[in-house]
Amino acid sequence: MLTRATVEKLIPLLKRDARRALSMSVPGFPKAYYCSFLLKDIHWFNTWASSGSTCRSQTDRSRNVYCDLRVGSYDYDQVADGGLRELDDELESTAFSSVPVDDRDYDGLRITLWKLLESKFREALTDYNQKEASRISTLDPNGGLRSFTRGKRASFRHYARMDNVDYDQWSKFCKRASLWLSQLPRLSGSWVEFDVSQETRVFVSTEGTTTVQYSQVFCLSANLHKLTKEGSRLEQEVVLNVGSQDELPSLSDFKKMVLEKYDQLQRVSRAKKIHAFSGPVLLYPGPAGLLFHEAVGHRLEGSRLLSSGEGQTFKDQCGKQIFKLPITIRDNPLQREFNGQRCIGAYSYDDEGAKAQDTVLIEDGVLKGFLSTRAAIQKGRHVSNGHARTKHHQRPISRMAVTIIEGKNGQPLDKLKAKLLQEIRRQKKPFGMIVYETNGGETDTTNYDFQAFSGDIAYATLVYPNGREVCVRGVNFVGTPMQSLSNIVAVGDQPIVDNGFCGAESGLLPITTISPAVLVSNLELQGKDEELVTPNILKRPQSLHRRRKSKQQRKRRRS
């Protein structure tokens, strides 16, 4: 992370070049009316080990700048489709988004910013002309909406010291953990990885806003996989994404977590395989949070309301009932911690310089609003709720940060399980299902394809009417948003923090979901897409560590 002294040197340079940008003009074309810089300085370390050997150990220092240069006016500028289509990595400006990290001599930075501004201005004029030309033959559904709303001048500086991370210690940690893991029987392979990213974000704009923020994410993970006789590759993972080194486990605690996954993997390898299912499903907090994230969250990103290529599931639905139950969903980037655990998706100001706000999206089952940027999503007065986010050179669009799901009359897990059994009997189903863990999910929000979502199930059980549970494998849950949400019949009372990463048009970003368990009266599951693999021809070589240990034991017996 950058020191206060370094940041205070960078801010005047960025401000000066932002002001210079407004002097650019070409006769017959609109002038620049707004410019901002978002500089991100990143310290990164990653180490990965397998079978007691380090496979990768890398440290990196990088710095990138996103420049938002707008031509025309706040009422009408070059940005179209909410910025969702600005993904062309072949644009000239992309080459100048990476800037020098040298803080002794800023000539290289100034030259790169100059080239970035020049290319951004040309691209903005081209986009403006294309937008104007399209009006000749195509009706603009966003006509009358302001392209960009004026921001309030703000100054926010939060300085923090970079955590002292012992890279050598974590490399040894991964080596020792991976060696121990590789010696567990009946595994085809395994690995352990540690990753830390510490970032300084500096934002300046011609409106006079300046913000300085720091963030850090520590990731510790282990993967263990097994090849079945049928050729299926089964795996389990431990994934910890935290905001502080204090939240990372000791080696002994990490081994306990891995052993739980190892036992699950053995159960999954012996589990019954099913190909499809439709019926009552109890989703534990992690999978429930994934359901809300994929089915609701992305569809409440306001930038999608401005794109003609989006399905816009919830457009014009404000004030209407979305859930049958009194469920409330809000996104609060200001939520730094929950139950003593840090939320890695938290921040104070977004990537357009707007103050982050606790935003109620759905209240007691009724849709109240959308995650928004400074682009107006409705006529009349519009104020951004501070959810514009980007990873690198992509235009910031509205994204989730810390999504919180709350339900009135929440019930403990034992009661939800009892309700699951009642639902199985009521529907006269042979069984229901409990989804304990998921590995991630995906959804498609475009109008080109089906409005659907899916979740990758890592561990689940079939539940019979008598309460007996049997481990099952081979399926993922799928569904359409409106149908699946209307089928939620009960909510748990113990929300759990799930820190992870979400990928969308503006890049892969850290997010936090805080959700209780939910019971769904009907959820569809479909077979996993898997490629069968042939068994290994050669036997796995014996570990040299194990051979040395065996020799030492034999020597002791002889003596």
Side-chain angles (χ1 to χ4, degrees), residues 66 68 70-72 74-91 94 123-124 126-149 293-318 331 350-352 354 359 361 367 369-380 382-401 442-453 480-482 502-509 511:
Y66 170 73
D68 188 5
R70 293 172 176 259
V71 299
Y74 284 96
D75 289 331
Y76 186 84
D77 63 27
Q78 83 276 11
V79 181
D81 284 326
L84 267 70
R85 305 294 170 246
E86 296 185 27
L87 299 172
D88 190 356
D89 287 340
E90 300 300 319
L91 290 174
T94 303
E123 291 164 6
T126 300
D127 290 342
Y128 189 94
N129 277 359
Q130 289 177 348
K131 188 175 178 180
E132 281 285 86
S134 66
R135 294 171 58 193
I136 298 173
S137 57
T138 307
L139 182 66
D140 183 3
N142 301 321
L145 297 181
R146 302 197 77 187
S147 293
F148 201 55
T149 52
H293 178 93
E294 301 295 352
V296 186
H298 282 295
R299 290 168 174 80
L300 295 182
E301 293 168 341
S303 298
R304 304 190 183 282
L305 300 181
L306 301 174
S307 173
S308 57
E310 289 291 310
Q312 303 177 351
T313 306
F314 297 109
K315 187 172 185 177
D316 301 325
Q317 297 292 310
C318 278
D331 198 282
D350 75 0
D351 293 341
E352 288 182 337
T359 305
L361 303 170
L367 181 63
F370 297 84
L371 305 173
S372 69
T373 66
R374 288 172 60 180
I377 56 176
Q378 59 186 5
K379 292 185 177 180
H382 171 81
V383 178
S384 170
N385 52 42
H387 282 84
R389 304 181 69 193
T390 182
K391 174 65 176 178
H392 191 241
H393 61 273
Q394 305 91 339
R395 177 170 296 283
I397 64 170
S398 51
R399 301 285 297 275
M400 288 168 276
E442 61 179 316
T443 188
D444 193 331
T445 61
T446 63
N447 56 19
Y448 174 78
D449 215 333
F450 300 106
Q451 289 294 302
F453 65 90
T480 54
M482 302 297 281
C502 172
E505 289 85 348
S506 60
L508 188 69
L509 297 170
I511 61 161

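The figures here come from the full heavy-atom set of this structure, side chains too, leaving out hydrogens, waters and symmetry mates.
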Indicate whether the side chain of Ser398 and that of Ser372 have a donor and an acceptor atom separated by less than 3.5 Å.
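Judged by distance alone, the side chains do not pair up.
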If we ignore angles and hydrogens, is there a donor and acceptor under 3.5 Å between the side chains of Ser506 and Arg399?
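Result is yes, a qualifying pair exists.
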Under the 3.5 angstrom rule, does the side chain of Thr373 hit a backbone N or O of Ala375 as a donor-acceptor pair?
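Present.
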Under 3.5 Å, side chain of Gln312 to main-chain N/O of Ser307, donor-acceptor pair present?
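Flag set: sc Gln312 to bb Ser307 pair under 3.5 Å.
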Can you name the side-chain contact (heavy atoms from CB on, under 4.5 Å) partners of Thr359, sequence neighbours left out?
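Scan of Thr359 (side-chain contact (heavy atoms from CB on, under 4.5 Å), adjacent residues dropped) gives Gln357, Leu361, Asn385, His387.
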Can you sort out the partners of Gln317 under side-chain contact (heavy atoms from CB on, under 4.5 Å), two or more places apart, ordered by chain and number?
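Once residues adjacent in sequence are excluded, the partners of Gln317 under the side-chain contact (heavy atoms from CB on, under 4.5 Å) criterion are Phe314, Lys320, Leu367.
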Contact between [X] and [Y] at the side-chain level, heavy atoms closer than 4.5 Å - yes or no?
| X | Y | answer |
| --- | --- | --- |
| His293 | His298 | yes |
| Val79 | Asp127 | no |
| Ser308 | Asp81 | yes |
| Val296 | Met400 | no |

Could you label the plane-to-plane angle of the Tyr74 and Phe148 rings as parallel, tilted or perpendicular, counting under 30° as parallel and over 60° as perpendicular?
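Correct class here is parallel.
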Under the side chain to side chain contact (heavy atoms under 4.5 Å, CB included) rule, what do Ile397 and Leu84 come out as? Steps first, then yes or no, please.
CA-CA 7 Å; Ile397 64 170; Leu84 267 70; 3.9 Å; yes
Walk me through whether Gln130 and Thr126 qualify under side chain to side chain contact (heavy atoms under 4.5 Å, CB included).
CA-CA 6 Å; Gln130 289 177 348; Thr126 300; 3.9 Å; yes
Give the C-alpha distance, both sets of side-chain angles, the deciding distance and a yes or no for side chain to side chain contact (heavy atoms under 4.5 Å, CB included) between Thr443 and Arg299.
CA-CA 10 Å; Thr443 188; Arg299 290 168 174 80; 2.9 Å; yes
Closest approach of Ala376 to Leu306 (non-hydrogen atoms, all atoms of both residues):
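Nearest heavy atoms, Ala376 then Leu306: O-CD2, 3.5 Å.
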Heavy-atom closest contact (Asp75 atom, Arg146 atom, distance):
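Looks like OD1-NE, 2.7 Å.
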Worked verdict on Thr445 versus Thr313 for side chain to side chain contact (heavy atoms under 4.5 Å, CB included):
CA-CA 8 Å; Thr445 61; Thr313 306; over 6 Å; no
With sequence neighbours excluded, residues passing salt bridge (charged side-chain N to carboxylate O under 4.0 Å, His left out) with [X]:
| X | value |
| --- | --- |
| Glu505 | Arg304 |
| Glu132 | Arg135 |
| Arg70 | Asp68, Asp77 |
| Glu352 | none |

Look up atom [atom1] in [X] and atom [atom2] in [Y], then write down how far apart they are to the nearest 0.5 Å.
| X | Y | atom1 | atom2 | value |
| --- | --- | --- | --- | --- |
| Arg395 | Ser303 | CZ | OG | 10.0 Å |
| Thr149 | His382 | OG1 | NE2 | 4.5 Å |
| Asp350 | Thr390 | CG | OG1 | 11.0 Å |

Taking the six-membered ring of Phe370 as reference, does the cationic atom of Lys315 (NZ for Lys, CZ for Arg) lie under 6.0 Å from its centre and within 45° of its axis?
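Ring-cation test returns no.
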